[in-house]
Amino acid sequence: MATPLLRLGTRGSKLALVQTGLVRSALAAAVPALAAADAIEIVTIRTTGDAIQDRPLAEAGGKGLFVKEIEETLFAGRIDAAVHSMKDMPTLQPPGLAIAAFLPREDARDVLIAGDVTRIADLKRGAIVGTSALRRRAQLLHRRPDLQIVTLRGNVDTRLAKRESGTVEATLLALAGLKRLGLAHVGHPVPEDEILPAVGQGAVCIECRADDSRTRQWLAAIDHSPTAICVAAEHAMLAVLDGSCRTPIAGHAVLTGDGGLHLRGLIAKPDGSEQISGERRAAPSDAAEMGRNLGRELLRRGGPGFLST
């Protein structure tokens with residue numbers, strides 16, 4: 001068997017493998033040297049986030065639990081690039097690593113999965129809703145403080161099964177993941193003015209060693225610049241807010257028809273009792289500064305301690 005030219009590291013979940021397959025296909029189509037069937041190898045890596053199923057990730061250390069072991073494997077040279085869901089990424093990469101490319105972003109909205117119920121407003125009073133995301137919990141409780149929110153971990157199939165079995169009456173999942181798994185039909189998209197998506201939701205990024213010029217050149221061939229611009233604005237906002245899995249923060253940027261960039265951001269108390277939102281419009285070239293500006297505004301309006309309680 002021929003030695004692969006490029007080794008892609010990924011989590012072993014069904015969705016992660018589908019996303020890595022999309023990266024492999026894009027590279028094979030764009031880079032002639034990688035077109036052969038055996039040119040790219042996919043290496044699965046078990047992460048701390050995958051191992052923890054009995055408690056919210058916030059209790060285990062927050063952001064980075066789905067990337068730490070993959071990045072260690074990248075540093076060690078056992079893989080050449082890593083495929084991540086962008087919403088799992090900390091705001092800064094470790095020195096020596098760089099995000100070199102993005103796939104085109106999928107629909108960033110959340111989906112409500114609640115049987116015949118299609119809107120959050122129509123859930124019965126006191127309905128049990130399963131989610132492990134503080135962002136979703138806080139926004140749900142802000143709109144519907146009567147709901148009972150319980151922790152629901154696991155992959156997409158596990159969460160759907162628990163909804164079907166009646167363990168919970170409803171759950172929320174990312175539409176992007178459902179689309180990539182061929183399951184977009186199972187729920188109803190939630191408008192962003194009801195539940196604002198997570199920073200980076202729907203985006204797939206590829207990380208590599210900063211000094212690996214060959215891999216960076218290959219990845220540049222598939223980089224989707226519009227996605228990179230939007231994520232840059234969102235992550236700049238998140239960096240100012242110092243967001244982690246312990247902090248209910250949401251943000252989504254889109255390129256507008258007039259050539260501009262529109263960013264919406266939100267911070268909330270975990271119990272949904274308070275929620276502060278804002279937005280900015282700017283040129284795409286000002287994406288990062290716009291994000292920082294909005295982050296500073298949200299911090300100012302929240303006041304001291306808003307994000308630590």
Shortest non-hydrogen pair, Ala287 vs Leu261, comes out as CB-CD2, 3.6 Å
Polar side-chain atom of Arg159 near backbone of Gly154 as donor-acceptor pair, under 3.5 Å: yes
Determine, for Arg296 against Glu289, whether the closest basic-nitrogen to carboxylate-oxygen distance falls under 4.0 angstrom. yes
Hydrophobic cluster membership, Ile195 vs Val150, 4.5 Å side-chain cutoff: no
Between the side chain of Arg137 and the main-chain N/O of Gly130, is any donor-acceptor distance below 3.5 Å? no
Minimum-distance pair of heavy atoms, taken over all atoms of Glu274 and His142: C-ND1, 4.4 Å
Taking the side chain as every heavy atom from C-beta outward, state whether Leu140 and Leu172 have any atom pair closer than 4.5 Å. yes
Find the distance between OG1 (Thr247) and CD1 (Ile267) and round it off to the nearest 0.5 Å. 9.5 Å
Any side-chain heavy atom of Val231 within less than 4.5 Å of one from His235? yes
Could you tell me if the side chain of Ile120 sits less than 4.5 Å from the side chain of Val190, heavy atoms only? yes
Donor-acceptor check, side chain of Asp107 to backbone of Leu175, threshold 3.5 angstrom: yes or no? no
Does the side chain of Lys68 come within less than 4.5 Å of Pro90's, by heavy atoms? no
Salt-bridge contact Arg105-Glu234 (side-chain N to carboxylate O under 4.0 Å): yes
Tell me whether Ile222 shares a hydrophobic cluster with Leu5, the cluster being built from Ile, Leu, Val, Met, Phe, Trp, Tyr side chains joined at under 4.5 Å. yes
Any donor-acceptor pair under 3.5 Å from Glu41 side chain to Pro4 backbone: no
Donor-acceptor contact present, side-chain Arg136 to main-chain Asp110, <3.5 Å: no
Less than 4.5 Å apart, any side-chain heavy atom of Arg11 and any of Thr44? no
Rounded to the nearest 0.5 Å, the CG atom of Leu141 sits from the CD atom of Gln148 at a distance of 10.5 Å
Sidechain N-carboxylate O distance under 4.0 Å for Arg144, Asp146: yes
For a 4.5 angstrom cut-off between non-hydrogen side-chain atoms, does Leu6 reach Arg24? no
Would you find a donor on one side and an acceptor on the other, under 3.5 Å apart, between the side chain of Arg135 and the backbone of Leu196? yes
Any carboxylate oxygen within less than 4.0 angstrom of a Lys/Arg side-chain nitrogen, looking at Glu106 and Lys179? yes
Are the charged groups of Lys124 and Glu169 less than 4.0 angstrom apart, N to O? yes
Before accepting this row, confirm whether a basic side-chain N of the pair Arg119/Glu194 lies closer than 4.0 Å to the acidic partner's carboxylate O. no
Verify the neighbour count for atom CD of Gln217: are there more than 12 heavy atoms of other residues, nucleotides or ligands below 6.0 Å? no
Looking at CZ of Arg216 and CG of Asp223, how far apart are the two atoms once the value is rounded to the nearest 0.5 Å? 10.5 Å
Same cluster for Ile99 and Val83 if Ile/Leu/Val/Met/Phe/Trp/Tyr side chains link at under 4.5 Å? no
Same apolar cluster: Leu34 and Phe102, side chain cutoff 4.5 Å: no
Would Met89 and Ile206 show up in the same hydrophobic cluster when neighbours are defined by side-chain heavy atoms closer than 4.5 Å? no
Under 3.5 Å, is there a donor-acceptor pair between the side chain of Ser165 and the main chain of Lys162? yes
Looking only at atom types and distance, does a side-chain atom of Thr131 sit under 3.5 Å from a main-chain N or O of Ala133, one as donor and one as acceptor? yes
Rounded distance (nearest 0.5 Å) linking atom CD1 of Ile249 with atom CD1 of Ile276: 11.5 Å
Looking at Leu74, is its backbone amide N or carbonyl O close enough to the side chain of Arg209 to form a donor-acceptor pair, meaning the two atoms are under 3.5 Å apart? yes
Have a look at Leu15 and tell me which of Leu181, Thr10, Leu183 forms a side-chain contact (heavy atoms from CB on, under 4.5 Å) with it. Leu181
Quick test of your reading of the model: are Asp193 and Arg264 salt-bridged, counting only N-O distances below 4.0 Å? no
Side chains of His252 and Gln201, donor plus acceptor under 3.5 Å: no
If we count only N and O atoms by modelled type, under 3.5 Å, do the side chains of Gln19 and Ser85 hold a donor and an acceptor together? yes
Could you give me the CA-CA distance, side-chain angles and deciding distance for Val168 and Val129, then say whether side chain to side chain contact (heavy atoms under 4.5 Å, CB included) is met? CA-CA 6 Å; Val168 298; Val129 182; over 6 Å; no
Using a 4.5 Å cut-off on heavy atoms from C-beta on, say whether the side chain of Val23 contacts that of Leu8. yes
Looking only at heavy atoms, the pair that brings Ala33 and Ala39 closest together is O-CB, 4.0 Å
Could you tell me the separation between the SG atom of Cys208 and the CD atom of Gln93, rounded to the nearest 0.5 Å? 10.5 Å
Do Leu17 and Ser13 have side chains that get closer than 4.5 Å, going by heavy atoms? no
Can a donor-acceptor pair be found, under 3.5 Å and without considering hydrogens, that links the side chain of His188 to the backbone of Thr118? no
To the closest 0.5 Å, what do you measure between CD1 (Ile79) and CD1 (Ile42)? 11.5 Å
